[in-house]
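Data block below; observations after.
One is the number of the first residue; the rest follow in order along the sequence.
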Amino acid sequence: MILKHKTYLLYGLLCLGMASCADEDDDNTSAETTKTDADYIGKEVGNFLAEEWYPGGELGTTDNVSAGCYEDETPAVTQMGLTEAFNKGEAFFERNFNSGTAPFSGLGPAAVRKSCLDCHPAYGHGKRVDRYTASWGNGYLLVVYHPADGQNSDDGPYVSEVTGMPQTLATSPFLPPIDEDQIQLEWKRLMAMESGLPMQFPDGETYELIYPEVYIPESAFNTNPTPYQTGAVAFRLESTIGIIGTGLIDAIPDDSIKAQYALEARFGVDLNPAMWDKEANDWAASALYTANGVNRIKKFTYACTRGSLQDGAGANAIWNITNVSRSDRPYLYTTNAWAKKMSETPSVIAAIKANSASPYYADGTDEGIREAVNGLLQPGTNQFDNPWHNFTPEMSDENFWAFMVWHRGLAIPRARNLNDPVVQRGKKMFNEIGCQYCHRAKWQTTEDKLWSPTILTAKSLNLPVYRHQTIYPYTDMVQHRLYMKNGIHGSWCRTTPLWGRGLSKINTGAEDRLHDCRARNEIEAIMWHGYSKNSDAYESTLKFYNLPKEDRDAIVRFLQSI
């Protein structure tokens, strides 16, 4: 590891400096600040180019920087005449789904949340909570896996008995795969950094770090078998990320991302072998995501599991979070173990037997009902063509199109206070300590050759496009490892974009950061990057730690402004 750190010091590619940033101070929205900004917006100021005022480019930035700005459509949506579809798609994000009211039917037979908005309060990053419930404001998704070391390793495969995003909701008469009342969540105070960094800066200012511990007893699992019967079990939390600007991220060309991976590989940065083949100096086979015969590079989610916004992220979530079927998703988001357990549960069979109108009624016998329940709840059963009950798609192709217009059409707010010498100083220090290498500021969208599913292209349903835009998301689109205590499942985490995060508090009421909201402010987010000397960001964190307070504060102000 010494050689690794020397390499990072030599080339400066050592960071993932700050995976999250922060809220806008109250004075940022004052009349005085607005007036000062107005004199400089769109102009080169200090070490900021004129274009940096518009981090989403001309087609992707909203001038609105007040509460509610995360909900704004991009100028591209307006110019393409897609506002009506955008507003309709917004309703599918905000409204609760239920078991039988079109066009918001779905929510079952098991679900993670009733609506997308529950996980993304006010369209932002999830909030830190003290108790796990499938309710508004809890942006957490549970991670249930078999730890690689049989104890508490961050690595290891997901358990197969519950879905990858475990469900704690179910429609009657079914029981949820996990009884959320039994989920135990406790926030622990970190007593010491593994790296040896003191919990006090050299000038005497202190900071405090917390982290979550989650435990779910075997009795909480309504599956057969339970995860405990197939191996040791561990748990993590992953918070939803902000959804603003995701269409612009989708517009970054794959060849540009490949060039970034190749650059970091050339300078000795450790890259996830599942994404980058070191020997071939090229993508690993598992880095490719194929949809309708088209290969795209995986770039969405912390774990880089999806290669296109139109077949991943929200497009996937509108199906599996609320379990809403559509013509291209005729399967339920469930597991075999849950289907088996429900078919064996006396209360489920009795309730269905008493309701001859139930789609699970079959011939009304216990045996027939058990077969129908097990068959229909299986994740491999086509819900539109099966022996028990032929359902119809719950979300029409046109409604899915509206949802994707909305998702790809969310704007990034304009930057603020770039004329402030403190903010300019913060940018300088951010770059000098090495954070810029992982939180790469600038990208070009070129042609924005977006992939779109057949259910949209067959009907010539267009989506917002962002051609030839210069954007400033502050991410290298590459995965790194921070080795935090009770860290992220899988260890590797894509660098989180920083743009727009300075407006989190006025939009969502919270400023929690990092993959599980353990950081309550920017300082905590930064210092978590230095928990371990193995962290890809340790050297940058050490430099931040040794900065004078005025420089640390300047970096925070910079993060609040971009």
Side-chain angles (χ1 to χ4, degrees), residues 21-80 82-83 86 123 242 244-249 251-252 408-431 436 439-448 464-475 497-507 554-562:
C21 38
D23 63 298
E24 187 78 352
D25 284 354
D26 291 341
D27 63 353
N28 286 356
T29 55
S30 68
E32 180 180 353
T33 300
T34 302
K35 181 177 183 298
T36 303
D37 267 3
D39 294 333
Y40 295 94
I41 292 170
K43 300 177 183 178
E44 183 174 347
V45 287
N47 53 358
F48 288 97
L49 299 174
E51 64 193 20
E52 292 184 72
W53 285 99
Y54 297 94
E58 293 181 359
L59 294 178
T61 307
T62 175
D63 272 311
N64 181 16
V65 294
S66 60
C69 63
Y70 283 180
E71 303 177 30
D72 286 3
E73 66 184 69
T74 63
V77 170
T78 308
Q79 292 177 21
M80 292 180 66
L82 295 172
T83 298
F86 178 90
Y123 293 56
I244 52 175
T246 42
L248 294 157
I249 293 292
I252 296 174
R408 209 173 201 270
L410 286 170
I412 280 292
R414 174 181 53 75
R416 289 83 52 210
N417 303 324
L418 305 188
N419 50 290
D420 186 339
V422 176
V423 174
Q424 295 168 14
R425 174 70 177 172
K427 178 183 179 181
K428 179 176 183 292
M429 300 312 302
F430 180 86
N431 292 339
Q436 62 171 323
H439 286 286
R440 169 182 164 176
K442 183 177 180 179
W443 291 84
Q444 300 286 340
T445 65
T446 65
E447 292 298 321
D448 189 12
V465 292
Y466 304 97
R467 296 189 179 98
H468 304 293
Q469 298 298 292
T470 300
I471 63 175
Y472 286 81
Y474 284 87
T475 172
L498 300 180
W499 58 359
R501 298 297 300 279
L503 294 169
S504 178
K505 191 170 185 179
I506 66 169
N507 277 277
I555 289 177
V556 170
R557 286 287 291 165
F558 163 70
L559 295 174
Q560 293 172 346
S561 300
I562 57 175

Worksheet item: Should V465 and M80 be marked as a side chain to side chain contact (heavy atoms under 4.5 Å, CB included) after you check the CA-CA gap, both sets of side-chain angles, and the distance that decides it?
Response: CA-CA 9 Å; V465 292; M80 292 180 66; 4.1 Å; yes
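- Judged purely by atom type and a 3.5 angstrom limit, N507 has no side-chain atom pairing as donor or acceptor with the backbone of A67.
- Remark: E58 CD is loosely packed, at most 12 non-hydrogen atoms of other residues, nucleotides or ligands lying under 6.0 Å away.
- Side-chain contact between V77 and T83: present, with at least one pair of heavy atoms (C-beta onward) separated by less than 4.5 Å.
- The aromatic rings of F558 and F430 sit tilted relative to each other, their planes meeting at an angle between 30° and 60°.
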Practice prompt. Would you check, one step at a time, whether the test side chain to side chain contact (heavy atoms under 4.5 Å, CB included) holds for W53 with N419?
Written response: CA-CA 10 Å; W53 285 99; N419 50 290; 3.4 Å; yes
Discussion item. Side chain to side chain contact (heavy atoms under 4.5 Å, CB included) for L559 and R501? Distances and angles first, verdict last.
Written reply: CA-CA 8 Å; L559 295 174; R501 298 297 300 279; over 6 Å; no
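- For the pair I249 and P473, the minimum side-chain heavy-atom distance is below 4.5 Å.
- The two atoms that bring G245 and I412 nearest to each other are CA-CG1, 3.8 Å, heavy atoms only.
- Between E447 and R467, the shortest heavy-atom contact is O-CG, 3.2 Å.
- For the atom pair E52 CD and W499 CH2, the distance stands at 13.0 Å (nearest 0.5 Å).
- Residues T62 and C69 share a closest heavy-atom pair of CG2-O, 4.2 Å.
- Atom CD of Q79 and atom CD of E73 lie 10.5 Å apart (nearest 0.5 Å).
- Contact of the Q444 side chain with the H468 side chain is not registered, since no non-hydrogen atoms from C-beta on lie closer than 4.5 Å.
- Scanning all heavy atoms of the two residues, the minimum distance from N47 to K427 falls at O-NZ, 2.6 Å.
- One distance of note links CZ of R557 with CD1 of I555; it measures 14.0 Å at 0.5 Å rounding.
- Contact annotation: the side chain of L503 approaches that of Y70 to within less than 4.5 Å [non-hydrogen atoms, C-beta and beyond].
- With rounding to the nearest 0.5 Å, the separation of CZ in R416 from CD in Q560 is 9.0 Å.
- Distance check: L49 CG to E44 CD gives 5.5 Å after rounding to the nearest 0.5 Å.
- One finds the CG atom of L59 at 11.5 Å from the CD1 atom of I471 (value rounded to the nearest 0.5 Å).
- Of all non-hydrogen atoms in S561 and N417, the two that sit nearest each other are OG-CB, 3.9 Å.
- Residue R408 comes nearest to Y466 through the heavy atom pair O-OH, 2.6 Å, listed as atom of the first residue, atom of the second, then distance.
- Residues P55 and T61 have side chains in contact (heavy-atom distance under 4.5 Å, counting atoms from C-beta outward).
- Residues Y54 and R414 are in side-chain contact: their nearest non-hydrogen atoms beyond the backbone lie under 4.5 Å apart.
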